[in-house]
Amino acid sequence: MSEADFDVLILGAGSGGYACALRAAQLGLSVGLVEKGPLGGTCLHVGCIPTKALLHAAEVADSARESEQFGVRASFDGIDMPGVNAYKDGVVARLFKGLTGLIKSRGITVIEGEGRVTGPREVTVDGKAHTGRHLVLASGSYSKSLPGLEVDGERVLTSEHALRLERVPASVIVLGGGVIGCEFASVWRSFGAEVTIIEALPRLVAVEDEASSRALERAFRKRKIAFRTGTSFQSVKSTDSGVAVTVGVAGGEQSVIEAELLLVAVGRGPSTAGLGYEEIGVAMERGFVLADERCRTNVEGVYAVGDIVPGLQLAHRGFQQGIFVAEEIAGLDPQPIDELGIPRVTYSHPEIASVGLNEVDAVETYGADGIETVTYDLGGNGKSQILKTAGFVKLVRQKDGPVVGVHLVGDRVGELIGEAQLIYNWEAHAEDVAPLVHAHPTQNEALGEAHLALAGKPLHAHS
Ligand SMILES: Cc1cc2nc3c(=O)[nH]c(=O)nc-3n(C[C@H](O)[C@H](O)[C@H](O)COP(=O)(O)OP(=O)(O)OC[C@H]3O[C@@H](n4cnc5c(N)ncnc54)[C@H](O)[C@@H]3O)c2cc1C
């Protein structure tokens with residue numbers, strides 16, 4: 001296909017697609033980037049960035065409310081939602097401007113409009129066909145709902161609607177105690193709403209180590225965020241003041257909870273329907289595109305990155321897959337991505353961060369006698385005490401082997417995951433990490449202390 005319009009044609013300019021475009025252009029490849037919405041996709045416009053801005057505003061509200069604990073006299077006079085939204089939208093707008101400039105400066109051709117795959121390496125937009133020597137599918141994901149649950153954008157919301165709210169609701173039911181549900185629950189509680197989370201699984205953020213879920217549950221209980229685990233959605237009705245949601249537990253008992261709003265946060269499905277992927281023979285499963293560890297689909301020259309590929313639906317996974325595919329196409333033979341080495345952060349108050357295996361999975365992999373764990377309580381960490389945050393660092397290691405899982409709970413621990421990720425990815429042993437000098441007083445020290453403890457020489461922890 002030497003007569004193709006582009007070396008790389010990409011469908012979707014979210015985290016996966018635009019990262020691929022930027023890297024491919026850097027490597028001297030010509031790039032066509034098809035996008036029907038704003039460049040940057042979910043993460044920049046309705047995902048990571050705006051939610052983290054709300055979470056930061058929530059932290060500021062908590063600081064104002066709790067300032068007395070630090071001997072500071074300040075008063076909390078409530079939330080000015082238009083002001084919060086202006087701050088949030090300003091952050092998004094600045095990043096969007098930067099990204100747009102970057103894409104332009106790298107000479108990437110942006111093809112605006114809704115694309116559909118119409119040939120093995122061809123995408124048609126508004127009746128015009130564009131071809132690539134290689135095609136990268138990066139069409140992202142959408143908020144799922146449940147049977148019988150109609151999202152109206154008024155009382156029953158997805159995260160996208162929730163990001164556009166112009167008031168703080170008096171009360172909210174959050175359906176789904178995963179990452180997105182817990183983050184919104186945390187924000188709304190800090191803003192003053194009554195919040196109830198409904199989760200079908202036995203615990204909140206069930207993908208995380210059980211100790212992390214339990215710590216989050218304890219913290220949420222203290223913050224008066226109600227949650228019902230092992231409880232499933234049955235139906236929803238409109239009331240004069242909002243919604244009445246019927247939920248049930250296994251065994252049959254049902255109850256009704258009322259609130260002003262219902263947020264549906266039950267996961268994200270792949271945006272692939274009707275895009276022509278199957279027609280060119282791409283192998284799919286439940287709407288997801290199947291790709292191998294080199295992000296290749298079964299159709300030659302066609303790659304897939306980001307949320308449409310089964311696995312963690314995270315922006316940084318999409319970025320790395322996008323970079324990988326660009327380098328693969330350029331013949332640089334990049335290292336495949338280790339999915340377990342991808343860090344995961346829930347940015348609630350407190351935060352959960354992790355990399356590698358949780359304890360249960362580690363036992364499954366190495367056997368109960370094949371692993372060791374150590375938990376270092378942030379009670380012994382000076383900076384965490386200064387910040388008045390509770391939590392822990394939990395390490396899981398293969399017996400006499402490397403650290404295979406790091407689990408963190410506490411305010412701001414998301415910022416520590418970089419070091420944990422290096423430890424995991426370098427297959428470091430506790431004895432390698434223990435001698436490293438960590439700055440004092442930082443929360444990072446807690447990682448150092450946990451490794452000291454695992455190496456059998458705890459400093460600020462009991463032997
Ligand atoms: C509320 C929320 C909070 C989140 N927070 C975090 C977080 O803190 N950290 C994190 O790592 N991840 C977070 N995520 C997940 C993250 O946003 C996604 O993993 C990431 O955006 C996936 O990137 P992607 O490129 O696969 O898809 P997307 O970002 O969804 O991009 C796909 C793009 O393709 C375009 N597109 C689709 N179909 C077509 C078509 N036919 N024609 C043209 N264009 C098309 C879409 O318009 C979109 O721009 C969050 C998600 C949500 C919803």
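Each ligand, and each atom within it, is numbered from 1 in the order the structure gives.
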### Task
Determine the sole option in L387, L408, I386, V393 for which the side chain to side chain contact (heavy atoms under 4.5 Å, CB included) test with Q443 is passed.
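Between Q443 and the candidates, side chain to side chain contact (heavy atoms under 4.5 Å, CB included) is satisfied uniquely by L387.
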Is any NZ, NE, NH1 or NH2 atom of the basic residue among [X] and [Y] found under 4.0 Å from an Asp or Glu carboxylate oxygen of the other?
X: R23; Y: E327; answer: yes
X: E210; Y: K394; answer: no
X: D209; Y: R214; answer: no
X: E183; Y: K52; answer: yes

Between [options], which one has a non-hydrogen atom sitting closest to [atom]?
atom: atom 19 (O) of ligand 1; options: D307, V123, L11, T346; value: D307
atom: atom 32 (C) of ligand 1; options: G12, G322, C20, A138; value: A138
atom: atom 52 (C) of ligand 1; options: I180, V305, I10, V34; value: I180
atom: atom 16 (C) of ligand 1; options: A315, S271, G17; value: A315

Could you establish whether [X] and ligand 1 come within less than 4.0 Å of each other, counting only heavy atoms on the residue side?
X: G113; result: yes
X: G318; result: no
X: Y18; result: no
X: E183; result: no
X: L312; result: no

So if I count the atoms of ligand 1 from 1 in the order they appear, which ones are less than 4.0 Å from some heavy atom of [X]?
X: S15; answer: 20 (C), 21 (O), 23 (O), 25 (O), 29 (O)
X: Y347; answer: 8 (O)
X: R268; answer: 53 (C)
X: G115; answer: 40 (C), 41 (N), 42 (N), 43 (C)
X: S141; answer: 30 (O)
X: L275; answer: 41 (N)
X: H316; answer: 11 (O)
X: V46; answer: 1 (C), 53 (C)

### Query
How are the rings of Y87 and H56 set to each other: parallel, tilted or perpendicular (split at 30° and 60°)?
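Ring orientation of Y87 relative to H56: tilted.
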Have a look at ligand 1 and work out which part of [X], if any, has a heavy atom under 4.0 Å from it: side chain, backbone, both or neither.
X: K52; answer: side chain
X: T51; answer: side chain
X: T42; answer: both
X: S159; answer: side chain
X: L163; answer: neither

Nearest to [atom], what protein heavy atom do you find, and at what distance?
atom: atom 37 (C) of ligand 1; value: S139 O, 3.3 Å
atom: atom 2 (C) of ligand 1; value: G47 CA, 3.4 Å
atom: atom 27 (O) of ligand 1; value: G140 CA, 3.1 Å
atom: atom 9 (N) of ligand 1; value: C48 SG, 3.6 Å
atom: atom 48 (C) of ligand 1; value: E35 OE1, 3.5 Å
atom: atom 21 (O) of ligand 1; value: C43 N, 3.3 Å
atom: atom 15 (C) of ligand 1; value: Q313 O, 3.6 Å
atom: atom 43 (C) of ligand 1; value: K36 N, 3.3 Å

Taking the side chain as everything from C-beta on, heavy atoms only, tell me whether [X] gets closer than 4.5 Å to [Y].
X: V31; Y: R106; result: no
X: V136; Y: L9; result: no
X: L216; Y: R203; result: no

Quick check for you: to the nearest 0.5 Å, what is the distance between [X] atom [atom1] and [Y] atom [atom2]?
X: I329; Y: L27; atom1: CD1; atom2: CG; result: 10.0 Å
X: K36; Y: S139; atom1: NZ; atom2: OG; result: 8.5 Å
X: I423; Y: R397; atom1: CD1; atom2: CZ; result: 13.0 Å
X: L204; Y: F227; atom1: CG; atom2: CZ; result: 5.5 Å

### Message
Any nitrogen or oxygen of G306 lying under 3.5 Å from a nitrogen or oxygen in ligand 1? Just yes or no.
### Response
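No; the residue has no nitrogen or oxygen that sits under 3.5 Å from a nitrogen or oxygen of the ligand.
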Test item: [X] side-chain N/O and [Y] main-chain N/O as donor-acceptor pair under 3.5 Å:
X: R155; Y: A259; answer: no
X: R189; Y: A193; answer: yes
X: H45; Y: L39; answer: yes

### Message
Taking CD in E66 as the centre, count heavy atoms belonging to other residues, nucleotides or ligands within less than 6.0 Å. Is the count above 12?
### Response
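Counting other residues, nucleotides and ligands, CD of E66 exceeds 12 neighbours.
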